[in-house]
Novice: 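Sending over a structure as structure tokens; questions will come in a sec.
Hydrogens, waters and symmetry mates play no part in the numbers below; they use all other heavy atoms, side chains included.
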Number of protein chains: 2
Amino acid sequence: MMQKTQSGSECGAKGSHIRAALRGSGLRPTRQRVALAEILFGKGNRHISAEGLHEEAHGRLVPVSLATVYNTLHQFTEVGLLREVVVDGSKTYFDTNTDDHHHFFIEDSAEVVDIPPGQMGVDDVPSAPPGYEITRVDVVVRLRRISD
Amino acid sequence: MMQKTQSGSECGAKGSHIRAALRGSGLRPTRQRVALAEILFGKGNRHISAEGLHEEAHGRLVPVSLATVYNTLHQFTEVGLLREVVVDGSKTYFDTNTDDHHHFFIEDSAEVVDIPPGQMGVDDVPSAPPGYEITRVDVVVRLRRISD
DNA sequence: CTGTGTGCAAACTCTTTGCATAAGT
DNA sequence: ACTTATGCAAAGAGTTTGCACACAG
């Protein structure tokens, strides 16, 4: 037999691809993790908060708990499937694009948008103080709506 | 060179300078605001959280409430005496240096340190999307302790 | 005096945690 | 079966708010 088709979501090749990816990262492909991964990675790069993912999952009739969403986001981040983006003091955003790149942050709507790579660079990053190493250089270009 | 400001009221030169600055910003120089301003601006550039400032005030026997610390930090930020720094999702830091500059963030100790200006620049900042203006470009160089 | 600022505690938001139950292999 | 993940609700951290009292001008 083939793999058993899952509950209500789409079945077939995509599901097993995701399951394989999770497995390859050492995560058991549970229903919730597969469903959340489909939402996260199903349509291009996304920047999403735990609340946002939770709502979107419920909108798709995937009833995951908020605690599981947090767990999953952190686990995905640990294994390198996601990246945490710090742009706003109050919420944590997760980015499905783990490449080296930077962000616009639209203050009015609290939205995060990728800055295409190659368009911006950082000159002369100072060397780390002795005893420390640089783990990342983050650039955030903050935007505000022009309200004339 | 030590002047006994604080305690009951403010009689020294520093106190009145601070009072003048507050007044010039349209803020009434209350005891709490003057005391907090002395802590903030009294010894070079600082990066401090509300909790940190609250503790430091108590350490100096200036019993301000946490709510007042928050109010004051926000008021100072509004009038341009402070700048908010977003480096960590969980806490808000305030920087007494309002010039254009960037930061190191030491992840182990959650410390913020200025990167001296002129040592680092950002190339080719993309133009803002139509309808938006850039309010600021923030660079955070994240550091971790090398633990061999 | 008069209005603004302060302090307190309660409320709020986002996130984490503990433990019984459910699911994966 | 045996282990790990999930869900729930409660706890936790940081921040904000509402209202009575206190202080600055």
Side-chain angles (χ1 to χ4, degrees), chain A residues 1 3-9 15-16 18-37 48-55 57-58 61-79 82 84-94 110, chain B residues 8-11 15-16 18-37 48-55 57-58 61-79 82 84-94 110:
Chain A
M1 281 308 270
Q3 80 272 351
K4 60 179 358 183
T5 45
Q6 57 275 61
S7 30
S9 305
S16 32
I18 286 178
R19 295 168 70 89
L22 291 177
R23 202 173 278 290
S25 297
L27 295 172
R28 288 219 303 225
T30 64
R31 249 177 243 143
Q32 292 85 337
R33 296 212 267 234
V34 172
L36 294 176
I48 200 168
S49 67
E51 288 269 344
L53 181 55
H54 186 230
E55 281 170 19
H58 279 228
L61 306 175
V62 179
V64 280
S65 75
L66 189 53
T68 296
V69 171
Y70 275 104
N71 284 338
T72 301
L73 287 170
H74 288 141
Q75 291 156 351
F76 283 10
T77 300
E78 272 163 29
V79 301
L82 290 177
E84 227 173 303
V85 183
V86 177
V87 281
D88 179 45
S90 61
K91 261 187 198 171
T92 304
Y93 288 84
F94 294 85
Chain B
S9 276
E10 56 305 303
C11 317
S16 31
I18 286 180
R19 295 169 69 89
L22 291 177
R23 201 172 278 291
S25 298
L27 295 172
R28 282 217 309 224
T30 63
R31 249 178 245 144
Q32 292 85 337
R33 295 212 268 234
V34 172
L36 293 176
I48 200 168
S49 66
E51 289 269 344
L53 181 55
H54 187 230
E55 281 169 20
H58 278 230
L61 305 176
V62 179
V64 280
S65 74
L66 188 54
T68 296
V69 171
Y70 276 105
N71 284 339
T72 302
L73 286 171
H74 288 142
Q75 290 156 352
F76 283 10
T77 300
E78 272 162 31
V79 301
L82 290 178
E84 226 174 303
V85 184
V86 177
V87 282
D88 179 43
S90 60
K91 262 187 197 170
T92 305
Y93 289 84
F94 294 86

Novice: Nearest 0.5 angstrom please: Tyr70(B) OH to His54(B) NE2, how far?
Specialist: 10.0 Å

Novice: Atom CD of Gln75(A) and atom P of dG24(C): how far apart are they, to the nearest Å?
Specialist: 15 Å

Novice: What I'd like to find out is whether the side chain of Val87(B) reaches to under 4.5 Å of the side chain of Val86(A), using heavy atoms alone.
Specialist: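 Answer no - side chains too far apart.
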
Novice: Hey, is the side chain of Arg28(B) poking within less than 4.0 Å of OP1 or OP2 on dG25(D), counting only N and O atoms?
Specialist: no

Novice: How long is the straight-line distance from CG of Leu73(B) back to CG of Leu36(B), given to the nearest 0.5 Å?
Specialist: 7.0 Å

Novice: How long is the span from the CD atom in Gln75(B) to the CG atom in Leu82(B), to the nearest 0.5 Å?
Specialist: 11.0 Å

Novice: Consider the side chain of Ala67(B), meaning its heavy atoms from C-beta on, and name the nucleotide among dT25(C), dA9(C), dT17(C) that approaches it most closely.
Specialist: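 Between dT25(C), dA9(C), dT17(C), the one nearest the side chain of Ala67(B) would be dA9(C).
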
Novice: The side chain of Pro29(A) is closest to which nucleotide in this list: dC14(C), dA5(D), dT25(C)?
Specialist: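 For Pro29(A), the side-chain atoms sit closest to dT25(C).
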
Novice: Between dT25(C) and Arg23(A), is there an OP1 or OP2 to side-chain N/O distance shorter than 4.0 Å?
Specialist: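 Yes, within the criterion.
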
Novice: Calculate the interatomic distance between Arg33(A) atom CZ and dG7(D) atom C1'; express it in whole Å.
Specialist: 14 Å

Novice: If you compare every side-chain N and O of Gln32(A) against the phosphate oxygens of dA22(C) (OP1, OP2), does one of them come in below 4.0 Å?
Specialist: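 No, outside the criterion.
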
Novice: Enter the inter-axis angle for the ends of the helix from dC1(C)-dG25(D) to dT25(C)-dA1(D) (five pairs per end, rounded to 10°).
Specialist: 30°

Novice: Roughly how many Å is it from CG in Leu22(B) to P in dC23(D), rounded to a whole number?
Specialist: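 Distance check: Leu22(B) CG to dC23(D) P gives 19 Å.
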
Novice: To the nearest 0.5 Å, how far apart are CZ in Arg33(B) and CZ in Arg19(B)?
Specialist: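 Reported to 0.5 Å precision, the distance equals 11.5 Å.
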
Novice: Over how many whole Å does the gap from Phe76(B) atom CZ to dG5(C) atom P extend?
Specialist: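 About 12 Å, once rounded to whole Å.
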
Novice: CG of Asn71(B) versus C1' of dT4(C): gap in Å, rounded?
Specialist: 12 Å

Novice: Taking only side-chain nitrogens and oxygens of Thr68(B), does any of them come within less than 4.0 Å of OP1 or OP2 of dG7(C)?
Specialist: yes

Novice: Do you know which two heavy atoms are closest between Ser25(A) and Val79(A), and how far apart they sit?
Specialist: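 Answer, listing the atom of Ser25(A) first, then Val79(A): O-CG1, 3.6 Å.
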
Novice: How would you label the contact of His74(B) with the nucleic acid (heavy atoms, under 4.0 Å): base, sugar-phosphate, or nothing?
Specialist: sugar-phosphate

Novice: Just how far, in rounded Å, is P of dA5(D) from CG of Leu73(A)?
Specialist: 15 Å

Novice: What is the distance, to the nearest angstrom, from the OH atom on Tyr70(B) to the P atom on dT13(C)?
Specialist: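 For the pair Tyr70(B) OH and dT13(C) P, the rounded distance is 16 Å.
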
Novice: Please round to the nearest 0.5 Å and tell me the distance separating atom CD of Glu55(B) and atom OG of Ser49(B).
Specialist: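 Answer for the CD-OG pair, Glu55(B) versus Ser49(B), is 7.5 Å.
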
Novice: Measure the distance from CG on Leu27(B) to C1' on dT4(C) and round it to the nearest whole Å.
Specialist: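 Distance, rounded to whole Å: 11 Å.
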
Novice: Considering heavy-atom distances to DNA chain D, does Ser65(A) or Leu66(B) have its closest nucleotide positioned more toward the 5' end?
Specialist: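 In this pair, the answer is Ser65(A).
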
Novice: Say you draw a straight line from CZ of Phe94(A) to CG of Leu53(A); how long is it, rounded to the nearest 0.5 Å?
Specialist: 9.5 Å

Novice: Looking at residues 84-93 of chain B, who's got a heavy atom less than 4.0 Å off DNA chain C?
Specialist: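 When residues 84-93 of chain B is checked for heavy atoms under 4.0 Å from DNA chain C, there are no hits whatsoever.
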
